[in-house]
Every structure is written in structure tokens, then in C-alpha cells.
Novice: 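I have a structure I would like to understand better, so I am pasting it below and will then ask my questions one at a time.
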Amino acid sequence: MIRIDLRKSLLSGHGPMDLTIQLEIPKGELLALSGPSGSGKTSLLRMLAGLMQPESGQILVDEECWLDTSKKINWPTQKRNIGLVFQDYALFPHFNVRQNLAYALERDQRADHLQDLIEVMELQHLLDHKPATLSGGQQQRVALARALVRKPKLLLLDEPLSALDPEMRHRLQAYILRVHRTFALTTILVSHDQSEITRMADRILHIQEGHLLEDAAGYYPPKALSEASLQLSGRIVDLKKENTHYLLRVSLHDQLIELSVPLRVGILEVGQEIILEADHWHLKNF
Ligand SMILES: Nc1ncnc2c1ncn2[C@@H]1O[C@H](COP(=O)(O)OP(=O)(O)OP(=O)(O)O)[C@@H](O)[C@H]1O
């Protein structure tokens with residue numbers, strides 16, 4: 001369990017803003033944070049990473065106390081054991097993929113976990129490539145793998161997919177879910193894409209002007225959607241055809257959801273059972 005209680009005065013374009021966050025994250029959860037630009041999402045991640053100092057607060061991670069301002073405890077970033085991935089890939093340009101990954105190994109760390117990561121992230125054929133020769137999605141896969149080399153207690157993802165086109169985004173979502181589950185990570189994902197976070201997150205929290213909107217419990221997306229993260233199957237109960245896409249109402253397990261699906265998936269009819277891949281549907285009205 002991760003327990004967070006942080007206060008920080010920020011300076012926004014509209015004047016001072018107090019960031020006040022109290023939050024508990026169970027081990028193994030994928031928590032998504034959403035909220036308008038400037039609401040404090042990145043600042044929260046930076047404080048968790050030890051890259052920004054709060055005025056007061058506590059960060060407890062299992063039995064470890066990373067921060068307690070009342071006791072003057074403040075672990076430096078290197079000691080906190082976090083994995084960080086931002087929008088820009090931040091790989092070393094002169095190192096190839098293998099060297100970028102190996103650089104993250106701790107001095108006495110065995111390389112077998114690295115090998116597992118290479119397999120799970122399907123990087124075998126890219127190991128000798130330099131970052132400049134890789135696509136954005138491939139670079140971000142390497143950045144994600146590198147963030148996981150030291151088996152982090154907390155994986156922080158700050159809009160990691162926002163520079164990628166929709167198809168690459170969907171593929172990377174699948175990789176993130178795969179490593180999150182395979183390595184039983186505790187992950188915080190900041191994203192502006194509502195269908196992305198609904199599809200990926202176990203729990204969603206909204207931040208506005210430095211505060212969590214809900215009491216720290218948050219919102220749990222329909223379980224069926226998280227499980228259907230890569231493939232969705234259900235029965236069409238209502239259908240409207242627009243210029244470029246269908247608006248569908250689909251019964252999925254025991255819930256009704258609304259989706260937008262491009263016309264290119266083929267002819268759809270009410271009553272039909274459908275199976276859709278992740279890059280063929282978007283949630284509506286969320
Ligand atoms: N070190 C700092 N000291 C004071 N204020 C800061 C500091 N860093 C950022 N801020 C301000 O805090 C506010 C919140 O910024 P933050 O980057 O956390 O928002 P965000 O929700 O991540 O936004 P976005 O979605 O655009 O990335 C902004 O108005 C920013 O100018």
C-alpha cells in the first residue's frame with residue numbers, strides 16, 4: 001500500500017494554487033489521474049519521484065518512508081525506486097537499445113530480469129539499433145522497459161503515449177497493461193484521453209485546481225471494459241450511422257455501453273454479436 005499526503009503551494013497563471021492530495025494506492029493497482037491542464041498532475045508525480053519538494057507531507061511505500069517532513073525524512077530520487085516515463089522518450093542517443101537498457105542496471109544486479117523485459121516488450125530484434133532509427137512507439141517501448149529494469153515499487157507514467165498516433169497508442173497501451181500485470185506493478189498513469197484511461201485503469205481520480213474531485217476513493221470504470229482492454233465482444237442493441245462512424249449501444253456482460261466505431265469495420269446491424277479490436281472502438285459519453 002502506498003500512502004500519500006502532500007501539500008505544496010504552486011504558482012499558476014491565475015495566481016497561487018494550493019496542491020493538497022491525500023491518497024492511498026493498493027499494491028498492484030493501475031491508477032489513472034486525469035484533470036485539466038495546470039491542475040497539478042505532473043507536480044504530484046514529481047513530488048512522488050523526489051523531483052519537487054512539498055512544503056509538508058508524507059509518502060509511505062509499504063514499510064518504507066520516502067518522505068516525512070515532520071521527521072525531516074526525504075529520500076533522494078535514486079533511493080526511491082520508481083520507474084518514470086514521460087512523453088519524450090529520453091533515451092541516450094549514442095547508445096543502442098541494449099546499452100540504454102543495460103545502463104539502468106544497478107551495479108550488482110543480475111541481467112535475467114532485463115532478459116524477461118526484452119521478451120515481454122518484444123525488443124529482441126531492436127537491441128542493436130540506436131534510438132534515432134526507431135519509430136516513436138518503439139522508442140517509447142524501450143523507455144518503458146528501461147523504467148522497469150530496477151523493478152520499481154511505483155511506475156509513474158506522465159502522458160507517455162500522447163506523442164504517438166492512435167494506432168501506435170493502442171499498441172503501447174497493450175504493452176503497458178502487459179508489463180503492469182506481468183510484473184505486478186503499482187502504476188500511476190496521467191492521461192487526457194478518457195477512453196484510454198477507462199480502458200486501462202483499475203481506478204480513476206480527477207484533479208482540479210490542486211485537489212482531488214472525489215473524496216480520495218475515485219471512480220472505478222466498468223470491470224468489463226478493463227477486462228476487454230484489447231478486445232471487446234458484445235451484442236449491438238442500438239445503432240446510428242454517421243458520416244464516418246457508427247454510434248453503437250452494446251450490451252457487454254450485464255452492462256450497456258456506448259461506443260463510436262469507424263465505418264471501415266464493416267456493415268453492422270442491431271442484434272449482431274460483435275468482436276472489436278482495441279483500435280476500433282472509442283467510448284462515448286464518458
Ligand atoms: N516548481 C514549481 N513551483 C511553483 N509552481 C509550479 C512549479 N511547477 C509547476 N508549477 C505550476 O503548477 C501548476 C500545475 O502544473 P502541473 O504541471 O502540475 O499541471 P498538470 O495538471 O500536469 O498540467 P498539464 O496537463 O498541462 O501537464 C501550473 O500552473 C504550473 O505553472
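As the structure lists them, so they are numbered: ligands from 1, and atoms in each ligand from 1. For this chain, numbers begin at 1 and follow the sequence in order.
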Novice: Does Thr186 have any side-chain contact (heavy atoms from CB on, under 4.5 Å) partners at least two apart in sequence or in another chain, and if so, which?
Specialist: Ile2, Ile25, Lys27, Leu154

Novice: Students often mix this up, so state it plainly: with edges at 30° and 60°, are the rings of Phe95 and Tyr103 parallel, tilted or perpendicular?
Specialist: tilted

Novice: Return the set of residues passing side-chain contact (heavy atoms from CB on, under 4.5 Å) with Leu239 (not counting sequence neighbours), or none when no residue passes.
Specialist: Ile236, Tyr246, Leu248, Leu268, Val270

Novice: Go through the structure and list residues passing ring pair (Phe, Tyr, Trp, His ring centres under 6.0 Å) with His113, not counting sequence neighbours.
Specialist: Phe183

Novice: Are any of the side-chain nitrogens in Glu55 or Arg7 under 4.0 Å away from the carboxylate oxygens of its partner?
Specialist: no

Novice: Considering only heavy atoms, which protein residues lie less than 4.0 Å from any atom of ligand 1?
Specialist: Leu10, Leu11, Ser12, Pro36, Ser37, Gly38, Ser39, Gly40, Lys41, Thr42, Ser43, Met52, Glu159, His192

Novice: Among Glu24, Glu64, Glu63, which residue satisfies the salt bridge (Lys or Arg N to Asp or Glu O under 4.0 Å) criterion with Arg3?
Specialist: Glu24

